[in-house]
Amino acid sequence: MYTQSFNVPDGGQPAPGLQPVADAALQAQFDAVVDADGKIEPRDWMPEAYRKTLVRQISQHAHSEIVGMLPEGNWISRAPSLKRKAILLAKVQDEGGHGLYLYSAAETLGTSRDQMFEALHSGKAKYSSIFNYPTLTWADVGVIGWLVDGAAIMNQIPLCRCSYGPYARAMIRVCKEESFHQRQGYEALLTMMQGTAEQKAMVQDAVNRWWWPVLAMFGPPDDNSPNSVQGMRWGIKRISNDALRQKFVDATVPQAEVLGITLPDPDLKWNEAKGGHDFGAIDWDDFWAVVNGNGPCNKERLATRVKAWDDGAWVREAALAHARKEQQRTMKEAA
Ligand code: 3HC
C-alpha cells in the first residue's frame, strides 16, 4: 500500500505486538525533528493528529484565500482608475494563486482537492470570518489591503517557520505577495486622505466598520483557543492568537496616525508598563455568529463560490479531455 509513507506496511497494520515499539520509535524520531526546529516532509512518519490538524488548518487557509477573492472582486469593474484596476486585478489573482499553493500543500497530506472543495461548498469547512463582511465603498478595498492583508501577514510570517515543509515553503511566497497587497491598500488610502472631505469620510467609515472584525480575525483569545497548545507544541503555530493580535495593534496605531484617521476604540491607549497598547473588548458573540455561518455575507459568499465552481465545470472537463488526448498521443508515439 502506498501512502505518504513507505514505512506503512501493507494493510496498514504491523504484526501483532510490534505496533507500540514501532510507533514509539517513530514518534521519538518525529519529536526530535520538531524539537530541533527541523522540517517534517510528506513521506515522513507523522502522528495522525498532526496530519489532521495540518489538513484542517491548511485547507481552511486555502478556502480563505479563494473566498477572499470575492469581496474585492466585486470592485474590479468599478475601480476609479486604470492604475487601480490593474493593481486590484493582480491582487485578486494573487489570492487565487495562494489558494492553489495551499491546496497543493494540503494534498501532500493525503486529502484530495475534490474532498476539500466538497467540504467548502457544502458549508462544512471553515474559512476566515473576515470575508463575510460587505465591501460598501471603494475605501473598503484600501482598508482590506491595509488592515486585512496586514493582519494576514502578521499571522502568516511565523507560518514560514512551520514544522511542515510544504506549508512553510508555500508561505514564503504568499507572504512576499501579501506584503505588496498591504502596501497597495495603504497607498490607496493615503491618496484618498489627500482628497475631498467626502473621500476622507469614506476612509474613516470603512476603518470604523473593519477594525473590530480584523482584530477578531486572529482567532479566539488564547484561553478559549482549543487548538493552540498542541499546534504550538508541534511547531505549526509559533505565536499565539493574542500575542499576534497585540503585535498587530501596536504596528497599526502609528500607521493610522500617519494616515490621519481615528481607530474606533475609546479604550485604545499606550501602556508604558507592558510596552504595548491596551485596547477595548472584542465582541466574541459576533465573531462566533459569523464563524457559524450567520454573518452579513456568509450565504452570498458560499452561493457565489458554488456558482463559480458549477460554471467552471466545462473548463475542467475540457482540460481533462485535452490531457487524455495528449497522453494517448504520447503513448502512440512511444509504441
Ligand atoms: N475565522 C474563522 N474561524 C476561525 C477564525 C477566523 N478568523 N479564527 C479561529 N477560527 C476557528 C478555528 O479554525 C477553530 O475551529 P476548528 O477547530 O473547527 O477548525 C476554532 O475557531 C478555534 O480556534 P483556534 O485558535 O483553536 O484555532 P487555530 O489554532 O487553528 O488558530 C488560526 C486559528 C489563527 C486562524 C490558524 O488556524 C491559522 O493561523 N491559520 C492559517 C492562516 C489563515 O488561515 N488565515 C486566514 C486568513 S487568510 C487571508 O486572510 C488571505 C489574505 O489574502 C488576506
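Just so it is clear, the model here is predicted, and its values are computed rather than measured. Ligands are counted one by one from 1 in listed order, and the atoms in each one are counted from 1 as well.
The ring-ring contact (aromatic ring centres under 6.0 Å, His included) pairs that include a residue from residues 134-166 are Trp146-Tyr186, where partners are two or more places apart or lie in different chains.
Between atom 54 (C) of ligand 1 and the options Asp149, Asp222, Thr53, the minimum heavy-atom separation is to Asp149. Proximity annotation for atom 21 (O) of ligand 1: of Phe131, Trp288, Phe287, Trp288 comes nearest, heavy atoms only.
Proximity of Met217 to ligand 1, defined as any heavy-atom pair under 4.0 Å, is shared by backbone and side chain alike. Residue-level proximity to ligand 1 for Ser225 is carried by backbone and side chain together, each with a heavy atom below 4.0 angstrom. Contacts between Val290 and ligand 1, counted as non-hydrogen atom pairs separated by less than 4.0 Å, are absent for every part of the residue. Of the heavy atoms in Gln156, only side-chain atoms (C-beta onward) come closer than 4.0 Å to ligand 1.
Formation of a donor-acceptor pair under 3.5 Å by the Asn241 side chain with backbone atoms of Pro220 is found in this model.
Aromatic ring orientation, Phe248 versus Phe218: tilted (interplanar angle from 30° to 60°).
With respect to atom 15 (O) of ligand 1, the closest heavy atom belonging to the protein is Lys126 NZ, 3.4 Å. Looking from atom 29 (O) of ligand 1 to the surrounding protein, the closest heavy atom is Lys237 NZ, 2.6 Å. Nearest non-hydrogen protein atom to atom 9 (C) of ligand 1 is Pro220 CD, 3.6 Å. From the protein, the heavy atom lying nearest to atom 43 (C) of ligand 1 is His61 CG, 3.6 Å. What sits closest to atom 1 (N) of ligand 1 on the protein, heavy atoms only, is Ser129 N, 2.8 Å. Looking at atom 8 (N) of ligand 1, its nearest protein heavy atom turns out to be Gly219 CA, 3.3 Å.
At least one protein heavy atom sits closer than 4.0 Å to atom 5 (C) of ligand 1.
His61 and Tyr127 share no donor-acceptor pair across their side chains, judged by distance under 3.5 Å alone. A donor-acceptor pair shorter than 3.5 Å cannot be found between the side chains of Asn271 and His277. Side-chain contact annotation: Asp140 with Trp210, donor-acceptor N/O pair under 3.5 Å present. Residues Ser163 and Arg238 have side chains that never bring a donor and an acceptor to within less than 3.5 angstrom of each other. Between the side chains of Asn208 and Gln204, at least one donor N or O lies within less than 3.5 Å of an accepting N or O.
By the 4.0 Å heavy-atom criterion, Gly231 is excluded from the residues contacting ligand 1. Ligand 1 is never approached by His181 to a heavy-atom distance shorter than 4.0 Å. Under a 4.0 Å heavy-atom criterion, Pro226 is in contact with ligand 1. For Ile130, the closest heavy-atom approach to ligand 1 does not fall below 4.0 Å.
Summarising the local packing, CD of Glu187 is surrounded by more than 12 heavy atoms from other residues, nucleotides or ligands at distances under 6.0 Å.
The two residues Thr53 and Ile236 make their nearest non-hydrogen contact at CG2-CD1, 3.9 Å.
Against a heavy-atom cut-off of under 4.0 Å, Glu95 is close to the following atoms of ligand 1: 52 (C), 53 (O). Under a 4.0 Å criterion applied to the non-hydrogen atoms of Val291, ligand 1 contributes the atoms 2 (C), 3 (N).
Looking at Asp205 and Lys200, no side-chain N of the basic residue comes within less than 4.0 Å of a carboxylate O on the acidic one, giving no salt bridge.
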- Check step by step if salt bridge (Lys or Arg N to Asp or Glu O under 4.0 Å) holds for Lys91 and Glu178. CA-CA 9 Å; Lys91 177 184 191 292; Glu178 294 293 4; 5.5 Å; no
